[in-house]
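Data block below; observations after.
Note that this is a predicted model, so its numbers are computed, not measured.
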Number of protein chains: 4
Amino acid sequence: MGSAGGALSDGAKVLCRELGRQIAQHNCIIITGACPGLPHEAVLGAKEYGGLAIGISPGLALQEHIDRYHSPYEEYDALIFTGSGLMGREIEGIRSCDIVCIVGGRSGTLGEFAIAFDEGKLICVLRGTGGIAEHIHDIVAMINKQTDAEVMYDTDPKSMIEHAIEKHHERVRRGVAYSLRVVEG
Amino acid sequence: MGSAGGALSDGAKVLCRELGRQIAQHNCIIITGACPGLPHEAVLGAKEYGGLAIGISPGLALQEHIDRYHSPYEEYDALIFTGSGLMGREIEGIRSCDIVCIVGGRSGTLGEFAIAFDEGKLICVLRGTGGIAEHIHDIVAMINKQTDAEVMYDTDPKSMIEHAIEKHHERVRRGVAYSLRVVEG
Amino acid sequence: MGSAGGALSDGAKVLCRELGRQIAQHNCIIITGACPGLPHEAVLGAKEYGGLAIGISPGLALQEHIDRYHSPYEEYDALIFTGSGLMGREIEGIRSCDIVCIVGGRSGTLGEFAIAFDEGKLICVLRGTGGIAEHIHDIVAMINKQTDAEVMYDTDPKSMIEHAIEKHHERVRRGVAYSLRVVEG
Amino acid sequence: MGSAGGALSDGAKVLCRELGRQIAQHNCIIITGACPGLPHEAVLGAKEYGGLAIGISPGLALQEHIDRYHSPYEEYDALIFTGSGLMGREIEGIRSCDIVCIVGGRSGTLGEFAIAFDEGKLICVLRGTGGIAEHIHDIVAMINKQTDAEVMYDTDPKSMIEHAIEKHHERVRRGVAYSLRVVEG
């Protein structure tokens, strides 16, 4: 999850392209909000290695996806049309991921991070991609809430994915990977 | 889309298994509500031929999918956790399909048919699977509304999928396959 | 819940206006899809007697409610913007009602009926309003599923609301009014 | 929108109770996530002055609202059952408010703020209520995105509501209060 718009540095794009490659090489499925920008770089990287890409679209149908949201579609194996708008479709993308990757980002990505944190997800922050990703550490301190969320930071896509998969398996064994604990507030 | 519960005849199961095989053999993706019953038979058929299966789950997370909804998950390539309950998750399944297949079914399937009809989808009804599928023709007459929906009936999965794909391509050319026309009421 | 468009008879409008009055006079809140047509007649009736009206809008915001969905807003005490489109917003309207009234209707109303039936609601069908309402009895037979739903039929708004409120209280005592039993299929 | 759980100071509760009173006295409707904690204090304040309170519930039905989410219901004029869970129901609460008030809060409230900011809402932050509210100024700087959102800060509920209503009317005149501009990323 990350920046779909705004100024995107070449460095961030390169990192996200590599992130997508690593996701595919580790036989993971990439799920994004089917938006342009950094997440799309990751999709392009995943497709280089034959990875499976699923997009959770804000649109009611493909035409709206293209015309209203100016979003890509050709690279995706499947698009899920939530019809819930940019911020409404975020919840499902997050819920459907075992590992949530944060790259760059602004208020959309911040919303996704908040959902992922509140719903106790495993979250990987790719440092060096700018935006909200660089502030997650401070935001976690501000939140001051205990959920099942665990936040990992890395600057290298390969080691990030490797550690995240390892951590995911450990969470499966501990029984927190696939459940949702209701934590009020 | 079809019966997840109730009494399911062996004949209906055989037809749905074959439907899944045909979907995969025609390089289509099967999208279901990730429920047991007839849709799961189709998923099993699709997997026999290496097809891709995506399930739109009613649950908030995998644990709820299993414990509360008693639903299968192992055969799916990806599960989308809507967390919207049995009837809430239907809308996305329908919106994300190019071709909506109706097999058997009760009130859940009737809701899916109503969504598909109202949102102007291409709908295939597999006759011989019992339930709501056998009454769709009468229900269309009761609805008495003009949308972009087109309803096809068949008793053979192979010819149904072939005709549906042909019809879909024709709808793409006409410009009605990927858009959503707002039709009040 | 009922016809927002199509040909609406004067008789159906008069019945719905009276239905709204009865809802308000019995201190009930009217919840609709904030659409034009028969449901809006009921809202107008409810406002004659100072009733509270809540609309579950298909739009993302008021502007879209007006421009895209051509829907009324001035008579409502509150609008809830689901941003989920015409068929996506139905689920919440149904879930939030203790008593679901069906008047006239086409595929949208059929979808609402299917949700209400599947989720075990108390459903009142106002006969004499045309459309789907006249076919609900047949459709219930087609569905052939046991849920907590109970369907009442009447041709007079006043006696319908009175009997429905009585029945609702009886359902509260029985413990089925406020719970949602998961019934597969 | 604000803290439903965690340690809530008496000072924050007193401020929120007064906030609710002010909302009702200015003839505004209070919309919350129907949760306990600070938002409920505001509802109690609003009811002291006969205000209207609408709760956007995470539950599928009242029973789930009470049993699973341990949430209040008696003080509400109407509950909307989204059935989308704690983080899924947030989007509608935000979309349905003209003025979004942030009090205290942790990751849930952060998610609501992110939605409100991204969807260009008028946002009032009540300082002195602890939690995320005290950090919104820093978070806005981190987001670094231009939307139609405007963020106001105050420590006094009365002056906050008065200024917010004034600002809202000005936004209506400017044409940004009721529309949703799609801003990618």
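- Pairs of residues two or more places apart, or lying in two chains, that qualify as side chain to side chain donor-acceptor pair (under 3.5 Å) and include a residue from residues 13-27 of chain C are Arg17(C)-Glu41(C), Arg17(C)-Glu48(C), Glu18(C)-Arg21(C), Glu18(C)-Gln22(C), Arg21(C)-Glu48(C).
- Heavy atoms only, all atoms of each residue included: Gly108(C) and Asp118(B) are closest at N-OD1, 3.3 Å.
- Proximity to chain B among residues 130-142 of chain C is limited to Ile132(C), His135(C), Asp138(C), Ile139(C), Met142(C), judged by heavy-atom separations below 4.5 angstrom.
- Applying the ring pair (Phe, Tyr, Trp, His ring centres under 6.0 Å) rule to pairs touching residues 99-130 of chain B yields Phe113(B)-Phe117(B), sequence neighbours excluded.
- In this structure, the portion of Ile91(C) lying under 4.5 Å from any heavy atom of chain B is its side chain and not its backbone.
- Annotation: residues 147-162 of chain C contacts chain B through no residue [non-hydrogen atoms, separation under 4.5 Å].
- When each of Glu112(B), Glu90(B), Glu119(B) is checked for heavy-atom pairs under 4.5 Å with chain C, Glu119(B) comes out on top.
- Each of Ile115(C), Leu180(C), Ile94(C) has some count of heavy-atom pairs under 4.5 Å with chain B, and the biggest count is that of Ile115(C).
- When all heavy atoms of Ser107(B) and Lys145(C) are compared, the closest pair comes out as OG-CD, 3.5 Å.
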